[in-house]
Amino acid sequence: MLLLAFDTATPAVTAAVCEPDGAAVRIRAAASAVDARRHGELLAPGIRDVLARADASPADLTHIAVGIGPGPYTGLRVGLATAHALAEALGIACHGVATLDAIAHASGRDTPFIAASDARRKEVFWARYADSATRVGDIAVDRPADVPADGLPVIGHGARLYADVFGQDADAAEPLYPSAAALGEVAVLRLLAGAELPEPRPLYLRRPDAQVPGAPKRVSAVRGPAARA
Amino acid sequence: MSTTDLPLILGIESSCDETGVGLVRGCELLSDQVASSVAEHARFGGVVPEVASRAHLEAMTPTLHRALDGAGVKLADVDAIAVTAGPGLAGALLVGVSAAKAYALALDKPLYGVNHLVGHVAVDQLEHGPLPKPTVALLVSGGHTSLLLVRDLATDVRLLGDTVDDAAGEAYDKVARLLDLPYPGGPPIDRAAREGDPSAIRFPRGKWGDGTYDFSFSGLKTAVARWVEESERSGSPLSVPDVAAAFQEAVVDVLTRKAVDACRAHGVEHLVISGGVAANSRLRALAEERCARAGIELRVPRPRLCTDNGAMIAALGAEVVAAGLPPSTLDLATDTSLPVSQVLAG
């Protein structure tokens, strides 16, 4: 198994090449850059570079694991469109990993916590974890004040942005972003364990913003007393 | 050289609400598959960018499969990949460009980020063969209304004029709403106009005879709105066919006149009309009449090729490859307002 992992659901654009090493996971190469506005420009060269550093060609890959968010949609889709097309062209399996699961995994925590990422519009995407490998329940989108943190530590960029709401030190939020190394580890470990991975489809959690228009605006001058006022 | 010796070009289009994948060798169209999200936008009266972007991601792989099957080729047979890099909706463009980069990376084949507008001109080669040089092109769609002077599809495209406000297709959509006709507005207005009298109302021709090749349709739309409101206020019955016919006449009158003027001024004997509005029956008829009178050869691709599709991007890709232009790099950026003079992005 040689697995290419990447994620574009947060300001981080991250890619890694990993493989099983006994019951563990060996990261052959990994790279990340943080630039919320350039996912589309950074991802493909990033993948090419980690492949080169892993001394692998695309044809050597057997699996792809991609972060399915949730996260800002335009960036999120860069990863998914890339994953679908790579898997199609290479004829290999493609799996999804929830982006928060990768952040949780990298935390290495063995007690309960919450992972939260920035959902914009003053909201966070969040989920509760029993430990770094075990999510409890579904991922949700809420205002920070409405997240039932119950005094649990909160990690991720959402925790840093709203440290005051969560009542914790902004520095306690690490790791802020997912790393593809962690995402790849999650994927390889679950595949080795014979566990299911999500389909590589985006977690949007919100409907598109769109309003059905009302009647066309009037263009004629208003007649009657109001017009003279 | 027979076309089988020419490189097989995969074209990917996702600039607005159509996911298009096409395969082309030279001027030969091998396959053209489009998935449209237009029905999902209809109740909003216009394209909703996030709805379009979501639909592109869902449609890309199935549309690719249909295109490959239609051409009887495998993805590994593709020699180069062309993709719309702009202009268009940011989030929509990014889906196609991300997929195209991944295909290029996986197959180790060159990638060309090309201009959507020039693709609308290049597509005519798939129907009528190599484009005469030079050619004037009139591009009319829901997003664009431009006059171009095309000396060479790959290397020399100049913008002669553009709309200063609404695109022609946008004016059709807005007027359709005023007349309680469905979205998109082009086909229902075209149909209604056939029963109407184009001279029943004299609507304004924006930028008529102003010495430029620019267009304006916002004043026309307002004039139609005034007309509709006035008839409501006075209680006189509104003839939808007459309003549609008179509105359509004002649009196509100024489009065809400026296009023919541009040909004359530049000594060009060939005009291509393309883009979604090129499917309009009155635009085709009036353009034929005026071109015949002016001794200009008119080329209009069939309606299917006039609207957004991947074949047009493959057709332009074939030109760019044939011209020996350097491929785009994997850090190719999308450009929502890519100027038409820039055939190759980045």
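The structure displayed is predicted, hence computed values, not measured ones. Residue numbers begin at 1 in each chain, while the letters A, B, ... track the order of the sequences.
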> How far apart are the C-alpha atoms of Val219(A) and Glu229(B), what are their side-chain angles, what is the distance that settles it, and do they pass the side chain to side chain contact (heavy atoms under 4.5 Å, CB included) test?
CA-CA 8 Å; Val219(A) 297; Glu229(B) 287 171 17; 3.7 Å; yes
> Regarding Glu50(B) and Arg206(A), does a basic nitrogen lie under 4.0 Å from an acidic carboxylate oxygen?
no
> I need the Leu94(B) CG to Leu43(A) CG distance, nearest 0.5 Å.
10.0 Å
> Got His84(A) and Met60(B) here, is their nearest side-chain heavy-atom distance under 4.5 Å?
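Heavy-atom side-chain distance check fails, nothing below 4.5 Å.
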> Could you tell me which non-hydrogen atom of Leu105(B) sits nearest to which non-hydrogen atom of Pro58(A), and how far apart they are?
O-CG, 3.7 Å
> Answer with side chain, backbone, both or neither: which region of Val51(B) has an atom nearer than 4.5 Å to a non-hydrogen atom of chain A?
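Looking at Val51(B), backbone and side chain both touch chain A.
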> With a 4.5 angstrom heavy-atom cut-off, which part of Glu232(B) approaches chain A: side chain, backbone, both or neither?
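The side chain, not the backbone.
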> How close do Arg77(A) and Leu57(B) get, heavy atom to heavy atom, and via which atoms?
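Of all heavy-atom pairs spanning Arg77(A) and Leu57(B), the closest is CG-CD2, 3.8 Å.
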> Can you tell me which portion of His41(B) sits under 4.5 Å from chain A's heavy atoms? Options are side chain, backbone, both or neither.
neither
> Among Ala90(B), Ala76(B), Ala106(B), which residue has the highest count of heavy-atom pairs closer than 4.5 Å to chain A?
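Among Ala90(B), Ala76(B), Ala106(B), the one with the most close pairs to chain A is Ala106(B).
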> Is there side-chain contact between Leu330(B) and Arg48(A), with heavy atoms separated by less than 4.5 Å?
yes
> Do you know which of Asp331(B), Thr61(B), Leu75(B), Thr334(B) has the most heavy-atom pairs under 4.5 Å to chain A?
Asp331(B)
> Give the minimum heavy-atom separation between Leu86(A) and Ala102(B), together with the two atoms involved.
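Heavy atoms only, the tightest pair is CD2-O, 3.5 Å.
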> Enter the distance from Thr82(A):OG1 to Tyr103(B):OH here, rounded to the nearest 0.5 Å.
10.0 Å
> What distance do Arg201(A) atom CZ and Arg54(B) atom CZ have between them, rounded to the nearest 0.5 Å?
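The CZ atom of Arg54(B) is 11.5 Å from CZ of Arg201(A), to the nearest 0.5 Å.
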> Identify which of Gly46(B), Ala225(B), Gly91(B), Pro49(B) forms the greatest number of heavy-atom pairs closer than 4.5 Å to chain A.
Ala225(B)
> Need one label for Leu93(B): side chain, backbone, both or neither, based on atoms under 4.5 Å from any heavy atom in chain A.
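For Leu93(B), there is no contact with chain A at all, as no heavy atom is under 4.5 Å.
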> Inspect the surroundings of CZ in Arg53(A) and state if more than 12 heavy atoms from other residues, nucleotides or ligands are less than 6.0 Å away.
yes
> Please state whether the side chain, the backbone, both or neither of Leu80(A) comes within less than 4.5 Å of a heavy atom of chain B.
both
> Less than 4.5 Å to any heavy atom of chain B: does that hold for the side chain of Pro208(A), its backbone, both, or neither?
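Pro208(A) touches chain B through backbone and side-chain heavy atoms alike.
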> Closer than 3.5 angstrom, by distance alone: can the side chain of Lys101(B) be matched with the main-chain N or O of Gly40(A) as a donor-acceptor pair?
yes
> Considering only heavy atoms and a distance below 4.5 Å, find which of Ala100(B), Ala333(B), Ser53(B) pairs most often with chain A.
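Among the listed options, the one with the most contacts to chain A is Ser53(B).
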> Measuring heavy-atom distances to chain B, does Arg38(A) have an atom under 4.5 Å in its side chain, in its backbone, in both, or in neither?
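No part of Arg38(A) comes within 4.5 Å of chain B.
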